[in-house]
Engineer: 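Structure provided below as structure tokens; questions to follow.
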Amino acid sequence: MRPRHITESSLVSMMSELRPRNNSKRQTVILITLSVMSFCASTCFSLLAPFFPSEAMRKGASETVVGLMFGILELVIVLASPIFGELQLKIGVKFTYIAGLFVTGSCIVMFGFVSLSKYGATFIAITFAVRCAEAVGIAAYLTAGFAIIAADFPGRVSVVFGVVETFNGIGLTVGPCIGGALYQVGGFKLPFIVLGGVMIIFVFIGMYTLHDDKATNSSRIIKYEDSEASNNSDMMNNNTASRPVQKPSILILLRSPLVIATSFTIAISSSLIGFLNPTMSPQLHRFNLTPAAIGLVYLAPSGSYALSSPLVGYMTDKGYPRTCVAIGCVSAALAFAFLGPAPFINIEQEFYIVVLCLTVVGAAVSFMLIPTFAMLLAAANHCGITDSFSTYSMVSGIFNSAFGFGAFMGPIFMGGFVYESVGFQWSTVCVSSSALFVLILLLFCDCTYRRVDGKLCGNRLNDEAILTEHHGDDQVI
């Protein structure tokens with residue numbers, strides 16, 4: 001079957017793609033649950049910015065320690081995600097998701113009471129402990145959540161992922177506003193009690209809406225076809241059919257150059273936004289903006305990320321993952337070059353240019369990041385690994401670990417060490433170069449795997465993935 005070209009790009013047509021063929025009501029509730037939880041999690045992550053640093057400093061924490069309190073979350077996610085990718089195969093995906101939500105919600109509620117602890121080391125130790133426990137819960141439910149998306153929406157993974165990421169972007173956008181408003185109304189505790197309580201409520205909803213693991217744990221293989229290399233399609237299908245089926249193993253995935261290249265793309269994507277968090281505020285102060293106005297400027301990247309995510313997911317599931325990543329890489333490189341501006345670009349740093357560049361950065365990150373989950377699944381298929389809950393769990397663990405690594409290194413290395421060493425203008429050149437390096441790396445993978453066996457990094461997904469489950473003597477396609 002030849003893939004179709006895009007004929008509609010509106011959000012309505014994207015949402016129509018989400019209508020599952022079976023159990024539509026149940027899967028719609030699952031999508032709503034995952035989207036709302038993504039919104040709550042990102043809101044909780046971003047609501048700290050307006051008031052927590054000042055509260056922590058009043059309790060004796062230095063600026064460096066406050067920065068580590070923010071960064072420890074991503075570091076623990078990096079370490080815990082691969083573990084949960086393997087562990088949930090033993091304890092169950094549903095249990096992992098439910099337990100992760102409960103731990104995260106409980107830790108968010110508890111975080112509201114850290115202000116009651118004693119001044120100094122006691123406050124710092126309790127804060128780090130709660131943040132680490134929260135990160136473990138986040139790693140658990142994110143890893144399980146991505147596996148659930150892949151299992152319940154076969155052939156529509158990217159568009160569903162795009163919708164969920166839209167709610168993630170909305171949460172990042174409104175989180176500081178919600179946190180600041182609740183803080184003014186009820187003090188330090190109220191924001192965490194309200195949002196943590198909402199997450200705990202969804203634990204009970206998830207217990208009802210999510211099916212047992214056995215219902216979707218049958219093995220199957222997805223066959224991918226690249227329309228941009230249609231003349232090689234017969235050879236590709238023959239190679240796929242002849243490739244031995246591998247038992248899902250994270251070591252096999254990590255030995256694949258396709259997985260390594262895609263993971264690097266994920267890390268760079270998340271580091272782009274992380275770079276802006278510590279560096280943009282001093283640049284915006286040059287325009288004599290109020291703190292409230294600076295906060296509004298920070299809405300530009302998260303807002304454009306939220307708006308563009310469904311479109312990117314739709315394009316990816318229609319068969320253009322590599323095109324989306326290429327658009328994102330080029331857009332990010334240009335946006336950061338003009339954001340500095342780079343020393344070799346002879347323009348002044350104007351306010352409207354800064355806002356425009358930040359908006360482009362948010363959309364560019366969406367184009368780079370959304371296709372990568374489907375690309376990891378394609379890489380697993382290239383290795384001959386069957387498409388099952390085991391595969392989904394391992395792929396989601398790799399995705400979350402790579403994302404967390406980029407989110408941790410972005411503000412610390414690019415936004416910290418590089419920024420302090422060479423200044424803002426040259427640091428934006430370094431960030432721009434990293435986006436271009438991702439593009440070159442993926443092009444190299446394309447050329448290498450086209451030459452080896454006709455398969456391309458991030459191969460085009462069929463309109464309808466060809467799925468055949470193991471039932472008796474049925475043959476796996």
Side-chain angles (χ1 to χ4, degrees), residues 14 17-18 30-31 34-35 37-38 41 77 81-82 84-85 88 93 97 138-139 141-169 222 224 248 250 253-254 256 258-270 305 308-325 328 365-383 385 387-407 438 442 445 457-462 465:
M14 296 174 200
E17 291 291 323
L18 299 179
I30 289 174
L31 177 60
L34 295 174
S35 299
M37 291 320 307
S38 179
I77 291 175
S81 291
F84 281 110
Q88 67 183 352
V93 176
Y97 184 79
I138 291 174
Y141 84 76
L142 281 180
T143 303
F146 288 145
I148 292 169
I149 288 175
D152 280 292
F153 295 90
R156 297 174 175 86
V157 172
S158 294
V159 71
V160 175
F161 185 45
V163 171
V164 173
E165 284 298 296
T166 295
F167 284 86
N168 178 63
I222 298 178
Y224 298 94
I250 196 167
L253 290 175
L254 293 178
S256 169
L258 296 174
V259 173
I260 298 300
T262 306
S263 300
F264 186 79
T265 303
I266 297 168
I268 293 297
S269 301
S270 60
Y305 177 88
S308 59
S309 291
L311 174 62
V312 179
Y314 182 79
M315 292 177 63
T316 300
D317 276 348
K318 288 304 176 185
Y320 301 92
R322 294 177 297 111
T323 302
C324 289
V325 175
V365 170
S366 176
F367 273 84
M368 292 176 65
L369 184 64
I370 299 300
T372 54
F373 191 75
M375 291 167 67
L376 286 175
L377 290 175
N381 176 238
H382 184 274
C383 296
I385 296 178
D387 185 37
S388 64
F389 251 132
S390 299
T391 306
Y392 303 149
S393 299
M394 294 176 187
V395 167
S396 59
I398 292 173
F399 179 93
N400 289 326
S401 184
F403 184 90
F405 180 77
V438 168
L442 293 179
C445 286
C457 180
N459 284 339
R460 182 183 176 93
L461 300 171
N462 280 339

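Because the structure is a prediction, the values reported are computed rather than measured.
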Engineer: Under the criterion side chain to side chain donor-acceptor pair (under 3.5 Å), I'd like the reasoning laid out for Q88 against Y97: C-alpha separation, chi angles, the key distance, then a yes or no.
Structural biologist: CA-CA 9 Å; Q88 67 183 352; Y97 184 79; over 6 Å; no
Engineer: Check step by step if side chain to side chain contact (heavy atoms under 4.5 Å, CB included) holds for V164 and L31.
Structural biologist: CA-CA 8 Å; V164 173; L31 177 60; 4.1 Å; yes
Engineer: Might you point out which heavy atoms bring P371 and C324 nearest each other, and give the distance in Å?
Structural biologist: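 That closest heavy-atom pairing would be CG-CB, 3.7 Å.
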Engineer: Assess whether side chain to side chain contact (heavy atoms under 4.5 Å, CB included) is satisfied between F373 and T316, documenting all intermediate values.
Structural biologist: CA-CA 10 Å; F373 191 75; T316 300; over 6 Å; no
Engineer: Measuring from F367:CZ to S269:OG, what's the distance to the nearest 0.5 Å?
Structural biologist: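 So the gap between those two atoms works out to 12.5 Å.
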Engineer: Which value, rounded to the nearest 0.5 Å, describes the distance between L258 atom CG and L253 atom CG?
Structural biologist: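 Output value for this atom pair is 10.5 Å.
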Engineer: With sequence neighbours left out, write down each residue that passes ring-ring contact (aromatic ring centres under 6.0 Å, His included) with F405, or none if nothing qualifies.
Structural biologist: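 Not a single residue meets the ring-ring contact (aromatic ring centres under 6.0 Å, His included) criterion with F405.
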Engineer: First locate atom OG of S270, then atom CZ of F403, and finally report the distance between them rounded to the nearest 0.5 Å.
Structural biologist: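 Answer rounded to 0.5 Å: 5.0 Å.
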Engineer: Taking all atoms of both residues into account, what is the closest heavy-atom pair of M375 and V325, and its distance?
Structural biologist: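 Residues M375 and V325, closest heavy atoms: SD-CG2, 3.9 Å.
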Engineer: Which heavy-atom pair separates T372 from T262 by the least distance, and what is that distance?
Structural biologist: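 Looking at all heavy atoms of both residues, the shortest contact is O-CG2, 3.6 Å.
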Engineer: If you compare all heavy atoms of V93 against all heavy atoms of A144, which two are closest, and at what distance to 0.1 Å?
Structural biologist: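 Looking at all heavy atoms of both residues, the shortest contact is O-CB, 3.6 Å.
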Engineer: How long is the straight-line distance from OG1 of T323 back to NZ of K318, given to the nearest 0.5 Å?
Structural biologist: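 Output value for this atom pair is 15.0 Å.
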Engineer: Dump the intermediate steps for side chain to side chain contact (heavy atoms under 4.5 Å, CB included) on L377 and N381, then the final yes or no.
Structural biologist: CA-CA 6 Å; L377 290 175; N381 176 238; over 6 Å; no
Engineer: How far apart are the closest heavy atoms of S401 and S81, and which atoms are they?
Structural biologist: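 It is N-CB, 3.8 Å.
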Engineer: Where do I398 and L254 land on the side chain to side chain contact (heavy atoms under 4.5 Å, CB included) test, with the steps shown first?
Structural biologist: CA-CA 9 Å; I398 292 173; L254 293 178; 4.1 Å; yes
Engineer: Calculate, to the nearest 0.5 Å, the distance between atoms CG and OG1 belonging to L311 and T166 respectively.
Structural biologist: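 Answer rounded to 0.5 Å: 10.0 Å.
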Engineer: Is any side-chain heavy atom of L376 closer than 4.5 Å to one of S263?
Structural biologist: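 Result yes, sub-4.5 Å side-chain heavy-atom pair found.
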Engineer: Identify the two heavy atoms, one from I77 and one from N400, that lie closest to each other, and give their separation to 0.1 Å.
Structural biologist: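 That would be CG2-O, 4.0 Å.
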Engineer: Anything under 30° is parallel, anything over 60° is perpendicular, the rest tilted; go ahead and classify F161 against F399.
Structural biologist: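 Answer is perpendicular, since the angle exceeds 60°.
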Engineer: Counting only N and O atoms by type, is there a donor-acceptor contact under 3.5 Å from the side chain of T265 to the main-chain atoms of A261?
Structural biologist: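 Indeed, once roles are kept as given, a pair shorter than 3.5 Å links the two residues.
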